[in-house]
Participant: 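The structure that follows is given in the form of structure tokens.
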Amino acid sequence: MKKVFFVLFLCLPLCKGCTDNGGKAIEAKVSETVSQMTLDEKIGVVHAQSKFSSRGVPRLGVPELWCDDGPHGVRPETLWDSWAAAGWTNDSCTAYPSLTCLAASWDRDLALLYGRSVGEEARYRKKNVLLGPGVNICRTPLCGRNFEYMGEDPYLAGEMAVPYVKGVQSNNVATCVKHFALNNQEFMRSSINVNISDRALYEIYLPAFKAAVMDGGAWSVMSSYNKYQNEWVSHQPRLLKDILKGEWGFDGAVISDWGAVHSTEGAAWGGLDLEFGTHTNGVDINTANAYDAYYLADAYKQKILAGELPESELDDKVSRALRLNFRTLQGDNCGSMCSPGHFADCRKIGSEGIVLLKNSGVLPMKTEVGKVVVLGENAIRPMVVGGSSSSLKAQHEISPLQGLREAFPEAEVVYERAYVGEPKLTGNYNYGLYDLSDPRPADVILADALAAVQDADYVVFVGGLNKNKEQDCEGKDRLAYELPYGQNEVIEAIAAARPDMIYVNISGSPVAMPFVDKVGAIVQAWYLGSEAGRAIADVLTGAVNPSGKLPFTFPVALSDGPVKTERQYPGIQDEEGNWQVYYDEDIWVGYRWYDHVAVEPLFPFGYGLSYTSFEYSDLRVPGTFSDGMKVRVRVRNTGDVAGAEVVQLYVTDEEASVDRPVKELKGFGKVYLEPGESREVEFRLNRSALSYFDESAHEWVAEPGAFKVLVGSSSRDIRAEAGFRLVR
Ligand code: BGC
């Protein structure tokens with residue numbers, strides 16, 4: 001009788017009306033359920049039961065909790081106990097553009113659309129938790145996972161993460177914001193200890209997580225692999241308990257990264273709630289009770305029974321796991337998968353995030369031409385596979401070559417390889433025996449490309465990285481800032497014959513471009529997912545006027561950047577052999593560094609061209625700031641095509657008692673303008689936009705005195721500025 005009562009209770013109040021983060025019905029249900037659970041049942045919900053799920057409470061009608069990657073689409077099913085593909089035929093998805101591309105759109109509405117759209121797919125696949133978004137700061141161009149994150153600036157990453165979280169969760173699918181925190185490199189990611197000042201932690205590395213939790217209302221957070229204060233983050237009470245759950249009031253669940261837990265005491269006390277992916281359990285040989293060997297399984301139970309660990313701590317974990325679970329049981333939508341609308345979202349996000357880096361007049365391409373030569377391995381290479389956990393099985397993926405063929409239906413579109421990179425695909429879910437090897441020697445491959453370009457109306461070279469190991473991939477950082485596979489030489493050879501060549505760079509990280517002055521145009525195209533080729537063709541032909549802006553700086557050379565010494569990257573071993581990395585550059589990350597040392601980057605943060613031009617005028621800033629302030633500026637489209645401008649607002653503290661960045665991004669807005677049209681863009685600044693983190697007082701401080709607002713088209717293209725004073 002009791003059981004029936006519970007099942008009904010679960011379904012009724014939770015399905016109606018509890019749409020807020022902490023609905024009363026959910027809270028009542030959480031405490032009631034916990035009070036009914038046996039110790040074994042409690043232990044059952046705080047650790048995995050398979051690669052991607054944790055147990056429910058069958059007796060009480062609590063369903064299992066299913067997680068899945070994330071963040072660019074819904075990962076295909078894996079086997080119960082292993083990473084291997086389950087081989088289902090109904091689990092292909094829409095592959096969305098990488099989060100770096102989303103960040104490059106600087107468009108909050110698009111981030112909401114992205115979240116809603118991918119959340120619908122997760123819901124349709126009956127996932128409770130989508131493992132993303134990733135908001136780790138791009139500290140070095142070499143980090144293998146930059147492509148899964150949102151750039152180098154904490155404000156931009158936070159502003160873009162919040163609508164993504166809200167969009168996904170509007171489907172009653174939880175986001176799991178990752179990787180909390182300080183997982184800024186893949187090298188030694190499971191053992192490296194990050195040494196960092198509190199100021200850099202609070203000003204640079206935490207704000208995007210804080211925004212996702214406090215403004216986005218994220219229902220779960222993933223604890224990262226690395227260590228902080230010589231403790232694995234999954235056992236790290238300062239990060240998980242004091243900051244996340246304490247200072248930010250996070251009431252959701254902390255899920256460990258897969259295999260990021262290392263001890264029962266650590267996981268019990270440190271603030272972790274759910275343990276996933278632990279390797280110490282015999283899962284690989286599939287023993288019957290493998291998951292009982294998890295740190296938060298039998299060992300935890302025994303310690304509670306022996307009185308060595310308190311059950312109250314377990315109850316808190318169980319409450320959080322149930323709250324997470326119950327939140328995702330709300331609503332009656334079933335989601336949807338691979339709909340035309342989702343592919344359209346994908347194409348829109350892709351084309352809005354593409355960044356035009358150089359244009360000597362060759363773009364936009366005219367479509368009434370006779371011959372287009374497309375070069376480069378990335379013009380034909382599937383890109384939604386690879387990169388490790390974010391690898392997807394896309395229902396379709398339009399290659400750049402295919403996209404250009406569609407866009408030039410009347411032209412002869414010729415393809416030549418020009419270089420051979422990596423013939424195999426890693427993370428290959430559905431490409432069968434895909435083989436990109438080419439029997440011709442490299443000089444013949446190049447000679448064939450050179451012969452083809454002679455009489456072409458346009459030459460488009462699609463190169464860059466490819467999500468293979470060490471080329472934008474989880475688990476292995478890049479080894480060099482330069483493009484791989486001898487591409488620089490190949491590009492220069494082709495550009496010598498065709499200086500009007502259009503170079504399309506596919507990557508999720510900054511790369512060196514020594515050929516910048518030798519080509520006609522450069523387009524930064526990221527990993528764009530299912531509709532990649534169409535989004536690229538849209539921008540190249542001007543069907544979409546580019547409006548993306550870089551979410552991170554492209555330095556000329558790696559040595560120009562803030563991370564210079566071995567101890568800063570990749571880290572060094574201490575006397576006990578433990579890996580230590582020192583964030584000696586402190587808060588001087590990304591453009592903050594290039595401004596600080598006055599070094600000209602190849603392409604600055606916030607930079608991106610358009611096929612039209614914009615004029616800024618009438619910057620209006622009140623003379624004094626007390627509680628808050630509105631800033632207005634007028635922007636006019638002065639060209640002859642419609643387009644969008646990302647108006648960026650930076651703040652300078654002119655009288656600080658501590659070293660502060662030359663400027664920091666504190667606002668942005670994207671405006672679409674017809675030719676000749678103008679609009680006023682309004683920003684609201686509050687005290688936090690003026691503050692720095694005072695380590696000794698452990699608080700944010702806005703010092704009275706003179707400040708400046710800088711408004712512009714990139715961090716290095718400031719069009720208007722005005723001073724104001726902060727009064728007490
Ligand atoms: C990655 C996570 C991912 C998890 C599950 C880990 O190796 O770091 O980002 O969500 O695997 O696939």
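Residues: numbered from 1 along the sequence shown. All ligand and atom numbering here is 1-based and tracks the order in the structure. Only a predicted model underlies this, so the values are computations on that prediction, with no experimental measurement involved.
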Participant: Tell me, which pairs form a ring-ring contact (aromatic ring centres under 6.0 Å, His included) where one or both residues lie in residues 119-143, sequence neighbours left out?
Facilitator: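 The answer is none; no pair qualifies.
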Participant: Could you tell me, atom by atom, which parts of ligand 1 come under 4.0 Å of a heavy atom of Trp83?
Facilitator: 12 (O)
Participant: Quick one: which of Lys126, Lys127, Lys393 gives a salt bridge (charged side-chain N to carboxylate O under 4.0 Å, His left out) with Glu77?
Facilitator: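 Running salt bridge (charged side-chain N to carboxylate O under 4.0 Å, His left out) over Lys126, Lys127, Lys393 with Glu77 returns exactly one hit, Lys127.
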Participant: May I ask you to identify the nearest protein heavy atom to atom 11 (O) of ligand 1, giving residue, atom name and distance to one decimal place in Å?
Facilitator: Asp257 OD1, 3.6 Å
Participant: Within the 4.0 Å heavy-atom shell around Arg75, which atoms of ligand 1 are there?
Facilitator: 12 (O)
Participant: Are Phe276 and ligand 1 in contact, using a heavy-atom cut-off of under 4.0 Å?
Facilitator: no
Participant: Taking only heavy atoms of Lys178, which atoms of ligand 1 are found under 4.0 Å from at least one of them?
Facilitator: 2 (C), 3 (C), 9 (O), 10 (O)
Participant: So does Thr278 get a backbone contact from the side chain of Tyr294, meaning a donor-acceptor N/O pair under 3.5 Å?
Facilitator: yes
Participant: Under the rule for side chain to side chain contact (heavy atoms under 4.5 Å, CB included), what residues qualify as partners of Gln573, not counting sequence neighbours?
Facilitator: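 Trp579.
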Participant: Within 45° of the six-membered ring axis of Phe187 and under 6.0 Å from that ring's centre, is NZ or CZ of Lys476 located there?
Facilitator: no
Participant: Side chain or backbone, does His179 bring an N or O within less than 3.5 Å of an N or O on ligand 1?
Facilitator: yes
Participant: Would Arg139 count as a cation-pi partner of Tyr583, with NZ or CZ less than 6.0 Å from the six-membered ring centre and within 45° of the ring normal?
Facilitator: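 Arg139 over Tyr583 ring: yes.
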Participant: Find all atoms of ligand 1 within a distance of less than 4.0 Å from any non-hydrogen atom belonging to Arg189, and give their numbers and elements.
Facilitator: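 Listed by number with element, the hits are 7 (O), 8 (O).
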Participant: May I ask you to identify, for Lys51, whether its side chain, its backbone, both or neither come under 4.0 Å of ligand 1 on a heavy-atom basis?
Facilitator: neither
Participant: Out of Asp69, Leu131, Ile255, Thr78, indicate the one that has the non-hydrogen atom closest to atom 3 (C) of ligand 1.
Facilitator: Asp69
Participant: On the six-membered ring of Trp83, is Lys51 placed so that its NZ or CZ lies under 6.0 angstrom from the centre and within 45° of the ring axis?
Facilitator: yes
Participant: Quick one: does Arg145 get within less than 4.0 Å of ligand 1, heavy atoms only?
Facilitator: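 Under 4.0 Å: yes for Arg145.
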